[in-house]
Amino acid sequence: MIKKFLAAVICVLLVCAAAVPAFAGQNDDAFKGASLELLVDLDGGDEENGFQMRGFTASPDGKYVYGGFLQNHRHVTKIDTATGEHVAQYVPEIENDDYDGVVANNNYPKGLAVDCRGYLFVGITHDVPNTSYISIACVDTTPDEEGYMTEISYITENLDTTRVGINGVASVKIGDRILLYVVTCYNKDTIRCYDVTDVTDMKLYDGFGVNGVVDYNELTGSQSDPGYIAVDVDGYLYLCYKADGSSYSKGSHVIKIETDGKSIVSQVEIPQAYGICTAGDYLFVTTYDDDNSKVVVLNKSDLSKVAELVYEDQIYSLSGCGYGGGYLYVGDHGSGSSAIPGTVLRSTPLNITQDPRELETAEVDPSVVPQTTTASEEQPPEEQTDRIVICDFTDPAMVAKIGTGNNCSFEYDEAKGCLKITTTGSDPYFTLPMKKEQRFDGDKYNLLCLTYMTDVEDVTGEVFFTAKGSSDLASNHINYYMDPVSEFTDLEIDMFDDDEGNWTGEIRSLRLDPSTSDEEDQVFYLKTVYVKEGEKVEETTAPATDAPVTEADTKADTAATDAPDTTKAPETTKKVDDKSGKSNTGLIIGIIAGVVVVAAGVAAGVILSKKKKK
């Protein structure tokens, strides 16, 4: 009788155990009624006017989120989640003469991760055609006096391919070792694991894959680019990937990968899977699906679906995500233009039970934190020359260093011996490959000069720039006129005509928009870009008079008149929307004076006429 009773009890227990869903986590109820809400709207005037926020992560404590912008001002912004304010930024300025194309202003900060020490790791794609290099930077997130986060160290690797970039990065502490996982894409699809315990000696970790590297194509059987990656405290990896034959533009599945990176544990289909992160028993996956974008919540043990989180006013695709402080934070990619650079969303409170190892912090080694520089050390170096060459495009190697640009193509023209630019659509522009040592004092060098040739008529172009104290491209720009010329001519652009007065201090980068027209197939030849000293025109409130012709003006006019046919004198241009009232004040006063004289003459005539009648 007792045996039968025990057998019945065991059967009941087995039935009950089977009735419990395999995917049940500790906090499934936390997702009932949960949704996403707007935290920060990065409007067109916000934080330096970067846009396309593809990189995104949150600090483990949820106090800060970080967004990486791919266009305009390429940088990482740090946002205080309590106030929604931008509190710091990091501008990737990695450059190395040993690596062709690794220059300071052609860097996409796409993969972001914050480790248990508070270090920010940035996976950097170099925006250079056919580059074989990737870089990883470690950043101290404490801002300096000017609000910049400081790069502590970086590594650059040659992956021996024709084009490569970085998508996601993820960090985890396992035992005493801190690891960073990096996903490379384009023509070299790999998952790489670096030991970053010592941030001054980041290196591949041979306990993962083969010498720290896993061949993604071989692992998944997919030839499509891998997406973003997450890692849990046990070392399991979670990756968004696109299966061959999938019609989705981004990922089609999420896969769980063994800790050694050599096999797939399980997978689940998630249409348009893109960003990914873990917390407690759960995995959060963002989708890149315009107004249908959402966050899919999975149980990380078997990838079974738990819930979906939706923002009711969703318009654009979601990018990355990060969990901290009881909330899930999500990045919105934005419209793809500076008008709507993106938003930051936050979930309603979730308060997921996390593994204590997820909340563990580690001390920062004070010996690797950069020392604060003195004010004198931060000043731009004094230049001893009257001109500085930024780009010599008579060198084919310099042409090869130009990034992809926007709606324009580049090539070295053998016949002209210089860069040939051809517009392919509206708003053509490209960033000049400018090294750190080429930065200069804008207060000293105010004339930007282009040695050019073109047959395009009525051309208006623009120059955009960043300075140490001003990185907002929306404010830092000036228009110029370019005449059609059949010989190479120096065009001088007085950058002091910038309405905002931001051409001052250390000038860090330059962007050239050869034409503001929407026309295609406009061709421009460019030999050199350089800066030189010029006089600054001081504002005055004194009555305007016709300026006397000086000896210098006479010499300049004579030089222009006497120049041989093979050489054309430099033409100086003003901003298109230049305040013409400043130069026409004398003319206006002259006109008024003339009217007064005429009126006086008429009055005198009338008086004399009356006297004669009397």
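For this chain, numbers begin at 1 and follow the sequence in order.
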Under 6.0 Å between ring centres: does that hold for [X] and [Y]?
X	Y	value
Y241	H253	yes
F121	Y194	no
F56	Y66	no
F208	Y181	yes
Y148	Y90	no

Chi angles and distances behind the side-chain contact (heavy atoms from CB on, under 4.5 Å) call for V231, Y236: CA-CA 6 Å; V231 59; Y236 285 101; over 6 Å; no
Residues I79, Y64; criterion side-chain contact (heavy atoms from CB on, under 4.5 Å); working and verdict: CA-CA 5 Å; I79 299 174; Y64 301 98; over 6 Å; no
Charged N to carboxylate O below 4.0 Å: is that the case for [X] and [Y]?
X	Y	answer
R117	D115	yes
K300	D281	no
E37	R346	no
D302	K256	no
E157	R192	yes

Test side chain to side chain donor-acceptor pair (under 3.5 Å) applied to S249 and Q272, step by step: CA-CA 7 Å; S249 61; Q272 301 289 27; 3.3 Å; yes
Show the nearest heavy-atom pair for residues [X] and [Y], with the distance to one decimal.
X	Y	value
I191	I229	CG2-CD1, 3.9 Å
V91	H73	CG2-CE1, 3.6 Å
C116	I178	SG-CD1, 3.9 Å
V214	D260	CG2-O, 4.5 Å
G235	I174	CA-CD1, 3.7 Å
V183	P226	CG1-CG, 3.4 Å

Under a 3.5 Å threshold, yes or no: a donor from one side chain and an acceptor from the other, between [X] and [Y]?
X	Y	answer
T156	S135	yes
S252	E269	no
S509	T466	yes
S515	Q522	yes
N27	T353	yes
H86	T77	yes
N187	T162	yes

Salt bridge (Lys or Arg N to Asp or Glu O under 4.0 Å) between D289 and K294, worked out: CA-CA 8 Å; D289 198 16; K294 58 193 173 186; over 6 Å; no
Worked verdict on E520 versus N407 for side chain to side chain donor-acceptor pair (under 3.5 Å): CA-CA 9 Å; E520 299 181 7; N407 286 337; over 6 Å; no
Option from V164, D225, T125, T190 for which side-chain contact (heavy atoms from CB on, under 4.5 Å) with C185 holds: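 Of V164, D225, T125, T190, side-chain contact (heavy atoms from CB on, under 4.5 Å) with C185 is met by D225 alone.
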Between [atom1] on residue [X] and [atom2] on residue [Y], distance to nearest 0.5 Å:
X	Y	atom1	atom2	answer
S132	L159	OG	CG	7.0 Å
H75	N107	NE2	CG	14.0 Å
N502	I478	CG	CD1	11.5 Å
F69	R74	CZ	CZ	13.5 Å
E411	I402	CD	CD1	11.0 Å
I270	T287	CD1	OG1	9.0 Å

Check the surroundings of atom [atom1] in [X]: do more than 12 heavy atoms from other residues, nucleotides or ligands lie under 6.0 Å from it?
X	atom1	result
E218	CD	no
D291	CG	yes
K173	NZ	yes

E308 (side chain) donor-acceptor with V295 (main chain) under 3.5 angstrom: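 No, the answer is negative, given that no donor and acceptor are paired below the 3.5 Å cut-off.
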Plane angle bin for F284 and Y323 - parallel if under 30°, tilted between 30 and 60°, otherwise perpendicular: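 The arrangement is parallel - the two ring planes meet at less than 30°.
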Row check, Y186 ring normal vs R163 NZ/CZ: under 6.0 Å, within 45°: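 Satisfied, under 6.0 Å and within 45°.
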